Structures are given as C-alpha cells and as structure tokens.
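The structure presented is a predicted model; accordingly, all values stated were derived computationally and were not measured. Numbered from 1 within each chain, the chains take letters A, B, ... in sequence-line order. In what follows, every heavy atom counts, from backbone to side chain, and hydrogens, waters and symmetry copies are set aside.
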Amino acid sequence: MTDPLVDRSTALSRLRKLGTALTTPLSPDDYLALINPLWSQRELRGRVEKVVPETENAATLVIRPGWGWSFDHAPGQYIGIGVEIDGRFHWRSYSLSSVPLVEGNTVSITVKAMPEGFLSDHLVNGLEPGTIVRLATPQGDFVVPDPPPEKMLMLVGGSGITPIMSILRTLDRRGSLPDVVLAYSARNRDDMMFLDELSELADRADQLTFIPRFTDDEGMMTVEQLDDVCHDWMARETWACGPAPMLDAFSDHYRRLGREDHLHVERFTLAVADSEAGGGTVTFGVGGPTAEVDGATTLLEAGEKAGVNMLFGCRMGICHTCDVPLASGRVRDLRSGAEHGEPGEYIQTCISVAAGDCTLSL
Amino acid sequence: MAFSDVREYTHLTDDEVEAIGRELDEIRAEIEADRGQADRDYVTRIITLQRRLAAAGRITLFASFFPPAWLLGTVMLGSAKILENMEIGHNTMHGQWDWMNDPEIHSSNWEWDTTQPAEQWKHSHNYIHHQFTNVLGHDNDIGYGILRMSRDQKWTPYNLGQPVYNFLLAAFFEYGVALHDLDIEAIRKGKKDPKLLKKQLKQIGDKVGKQAFKDYLMYPALTGPFFLHTLSANFTANIMRNFWSYMIIFCGHFPDGAVHFTEEELEDETRAEWYLRQMLGSANFEGSKFLHVMSGQLGYQIEHHLFPDLPSNRYAAISVKVRDICKRYDIPYTTGPLYKQYGQTLRTIMKLSLPNRRTEDNPAPISPRESRRLRDDERPLRRSELGKWSGASA
C-alpha cells in the first residue's frame, strides 16, 4: 500500500508541518474538519454515499473516504468501519467488495444483517446517506497473487462472498480471470447476494464455473461432496470464506490430504486457541488498578471488568484501536500463541492474555 | 485545623457513612447507564464552538493594529483557551468522554493548549490531587508548593511574601502548573530520581517551546508589520486564561468550610470515607450556566471530586442529589457566589502569610505525630475512576 498523498509530496508535508506549528497541540485537520468532515486524517473517515439493498437483509454501503485513504487495497482485504450509535463508536470489519482504484473515489462493503447483530442491522437498515463513519485501513492476507494461479476453487458460504466478489470483479476487470470454480452456498435464492451479477459473469466468461447451492433445499455442502462439486479440486488453489464450522471442516479435510498449503481461509471471528498462558496479575497503568486474570481472559476484558475505560475497536485483533504499550511482563497473542515481552512494545489488548504478571502503560 | 479522620468532623456512624457511599454509587451507576447521544452532542458542540472561537480570534488579530480588533481578538482567543483548558481539556483528560470510544476525544491522547504536558498533568492532578485530595503532605495542590494554605503547614519567613507569590502564580499560572508534577519538595529534599527529572524537564521544555513558538513568534510574524500588536494580544490572552483558571482552581478547595486532612485519614480509608473526604474537602460556587461552562463545571467541584470521570454536563443535575444527601445527613455543603468564595480564599492567603500566633482563629495545635510520607506501596490503590495517569516510568 502506498502512503497517502501528504506523505508522498514534500511540499504538502512541509505545509502540514507549518500548519501543525500554528494549531499545536491540535492538528490542522481538527480545524479543517469543521469545514468538511472528510478533511481530516487524524482518524480515517468516510461519508456514506449510497446504501444499495442486495437482498432483504443485506446492503452494499458505498463510502467516500476522506483524506489519508489509499484506494489501492488488494482485492479480498477487509476494512474496519466505526459507526456512532447513541454517542459511542462501535467497530466491525467487512471485506471490501469494490475493485481497487476504479470505482471513482469510493469504496464499498456489503453487509448482511445478522439476527443478533445490532451493529450489522444498523448498517443495513439504519444508516442514512451522508452519515460520517470512521474507517480503518484495508488489511488482511486473504488475497490472490498477481498474476493469479491458473486454476482456482472458491468455497463460499453466505456473506463470505464479499471478499470473493472483490477478487472476481478485479480479475474480470483486469482481463486475467483464470479457470475458476465458485461453489457458493446461501439459504435460498432471496438470501443469495450478488446472484444476478455472478450468473451474468458466468454467462459472459467461460473461465468461471458458478455452482450456486441453496441450503434450505440441498443442505450444507460437506467435504465428502467436494469431489462431486469439483472433481479436480486437488489441482486447484482454494480460497474459502464462510461460517466457522464450514471452514473448520474444509481445513481439516485439506490437512488430512496434505493440501493445507493450497487452502486460503478468511475467518471473521476470533478463533481462540487453547491458551497455555498461565494468566497473572495485570496492572493497568503503573501504580494503577490491578486484576487477577486467567490465561483465557483478554487484557481488554480484564481492564473493562476492573473499571478501566480502555479504547477498543474490532475486539478481534485487526484494527489496532486497542493497542497500548507494555510496561513490563509478558503477554501472549491468543491467535498465534506468540509471546511478547519487550518493554514499550505495543500490544493488542483485545487478543492478548497475561503470560504471568504484567503491567500496561495506560 | 486538619482532621485525621473524616468522621471526627461529622457526627456520622459507620453505617451512615457506608449508606452515603451506597447512595453515591447509585448516582454514578445511574449516570453511567444513561450516558448517550445527548452527552456526545454536548461535548462536540463545545469543541466545535471552541475551535471556531480560536480561529476567529486568530483571524481578527490580523487587524491587531486597530485597537477594537485587538481587544475583540484577544478576548476571543483568551476565551477559547479558557474553554479548551477548563471544559474540554481538563475534563477529557479525566476520562469523562472515554466511554464514547472515540480516539479524538479520549484521555489517553488528549493534549491541551497550555504549557504542561498532558501526561504529567494526568499524574499530578488525576492521581495525586484527586486521590489524596486535601491531605497535607500528599496533595501538592494545597498551595502548589508555593503558598501556605493551611494553619497546619509550618510558617517560615518566606511566607511573608505570599501576596506577591500569589499574584505571580495567578499571572503565570500555566507555568506553575507546568512544573507541578516535578514535585519541587522532592527535588529540594534530593529524593527525585534525576533520570525522571530530566525526562520531565525535556517534556515540559518541548511543550513550552511549541506553545511559545505558536503564540509569540508564528502568529505575530504572520501579521507582518503588526508583529508587536499580535504578540501583546496573544500574551494578554494567555494571561487572561491564567488568571481565570487560577481563580477557579483556588475556589475549589480553599474557601472557608473546605477542610484539610492529615495523613492518618488515608489509613484504612473505605470508599465511602473517600467520598466523604471529597465532599468535605471541596467547595462549589454558584453562578449562571455560562459561568459554569467557562469554568469547566468546576463550580460543581464537590460533584467533580465525587465523580471525576462522569461527563461534566451532568454535574448540575448530580448536584441536586448530592445536596439532598448532605441535607439529610447534616453534612456541610460548601458553596457561595464566586466573589465570596474567592474573597475567602484571598483572605486566607493573606492571613497565612503571617505566623499562626499573629492571627486569630488559632485552634489548639494537633499533637505532632510521627509523620512521614507513606511509601508508594503503602498508599491505598488509586480509584479506577480517576482516569489514566502515568507513573514513575512515564
């Protein structure tokens, strides 16, 4: 990803420096945002331009990002979106469904309202065009190399289609769409996002084989059916995105057959490994409140329980809103199991647990 | 005189003190559950107003050669600085707006338009002052290490100059505040870690440099031939802010009725007793809504000390309930008009420049007990609602 314009242009960055000397301790952006809310890169932000219904409970949000945004994300990556509800910012991450660099000055994400997800419901049904939202830069390694592999298989369940859409649209646009088999399941026809666009693309491009599956009638796709759905799957690089049980099942299957290196998976929930971290006494701010925590409670949860107002974003280790420096001690990353113990090192409290006693600088 | 136990001062039983604590906890829980859009709207409105005011002031001062413009620009800029320091900066750094989960209005990274680095303020104020409020030997806000504000503080001939020190402190209050976290007393006694001192001094130096560069060089230079006019306007705006914030802060704990405590009070202090100490040690002042906004709602000092991290726009409503508690339990609730509160403070400053034997209201001295400052690990844990602060490692 390239740097925002200001970082690339020396003239602009000098101007910014001069401006900062005039507005210290604030930044020029704090004043410019009074004129146009998008003229600030202190926190990345965007304006909702359009809310396009996709199905009864899914919609695509077209967002015009403000200053500091780079449009050259890799297809398949996700962004964080922070929305203000009743005075508080709530964050979630969604895959970009737009093609990098071509949709004018906008990006789009497609959101499906989840039954118990108050935020996704708000995004689909409650967001007026014109609303200013906060954004977090595109991230994620669920991407397709350029040039793409010659043969690909895409296993998709439900809203897992969004990163795949971005990948397919980009490949199609670049004219580099290889031999792709797309096995895409949704509950029924009405629930299937992008059905028309995918059908149209499959009609137009011979390389794409589109196999929709409606689980209300046909049931979920199982690993045993893989050979029937795509007989040469062993010869293909696979991208899989969907509900956790589906991803677990296919991951196991690929591993059993020694194909795990050819499977790329995107998960939208934090898969917590069994933690060996012993927990310990966590101190929030030197001399601050302390809490005894076990090896499975994240530092963020522990801090909140101890009454400390901690910044948080996605709560799944992607947006870095919750980062704080470690003053002393060791913590373990719940996802990778990696330990961190450099004093001053920034750690993500939402996915870190105490590995022994530790102190956070707050 | 200073009290070594809050209950010496009141007639309350243990049970009553705990009952008061529970009532106050309930008030807190109620507000916490109710924080929402209206509160966010309040603070963003004030922030927007403040930034517009600052920008308008700076722009007006491009005509600083024209006296009415000089005056108008100065007043706008000074008011903007007051709003920023009092209603926005002070309260944000307390964590009053942390619940919004908005990194642009959050205690962890707010920096204010004055010379003290936010990080040091959060230690000297949020922690030391709010935790050890009015405890002699612990709370450096009792006279800021410069003035003798309690009869229990030892008199020395140095104190004869109090009227002068007081004036200088008021005029250059932002620099007094800037040096506040250095803990002059510790430096004098050679107890200060030189590495920490160096680090803090550098931090202060950087901040002072940026502030001075902005107000005394950049903006005056931008106005070209009117350099000196703009310089004097900016200087005046800063002084205006200094006098105002000094006065508001001194009205918080020094009017008659606000009491001091000795170190013994801290021993085994319960949460409810902490509440009680905050109520007895703080003083409010009365005034219009405008006055309260311009003083960062510190006219509700009692409420602020009970709930330092609840949104400031709620203090007025909270004060109705706190007054009611005080009435029911017959606890003093110190308040009065601003001129009266400051008048009493000023009188105390003048009076205590003389030794106790020269002035009346000389209570029986409390027996000097073996007194030393508690070590950090002997001090009670800070209250979590005091917001974030930095410790010795900062």
Counting only heavy atoms not in B:Lys210, do more than 12 sit closer than 6.0 Å to its NZ atom? no
Run the numbers on B:Asp139 and B:His129 for side chain to side chain donor-acceptor pair (under 3.5 Å), then give the verdict. CA-CA 5 Å; B:Asp139 180 2; B:His129 171 60; 3.1 Å; yes
Honestly, the part of B:Arg58 sitting under 4.5 Å from a heavy atom of chain A is neither
Contacts of B:Glu104 that satisfy side chain to side chain contact (heavy atoms under 4.5 Å, CB included) - sequence neighbours left out: A:Ser40, A:Arg42, A:Glu43, A:Arg45, A:Arg134, B:Asp102
Side chain, backbone, both or neither: which part of B:Trp97 has a non-hydrogen atom closer than 4.5 Å to chain A? neither
Chain A heavy atoms under 4.5 Å from B:Ala38: which part of the residue, side chain, backbone, both or neither? neither
Given a strict heavy-atom distance threshold of 4.5 Å, which part of A:Leu26 is in contact with chain B: side chain, backbone, both, or neither? side chain
Checking B:Asn101 now: which residues fulfil side chain to side chain donor-acceptor pair (under 3.5 Å) with it, not counting sequence neighbours? none
For B:Leu217, which atoms come within 4.5 Å of any heavy atom of chain A: side chain, backbone, both, or neither? neither
What's the shortest heavy-atom distance between A:Thr349 and A:Thr298, and which atoms? O-CB, 3.6 Å
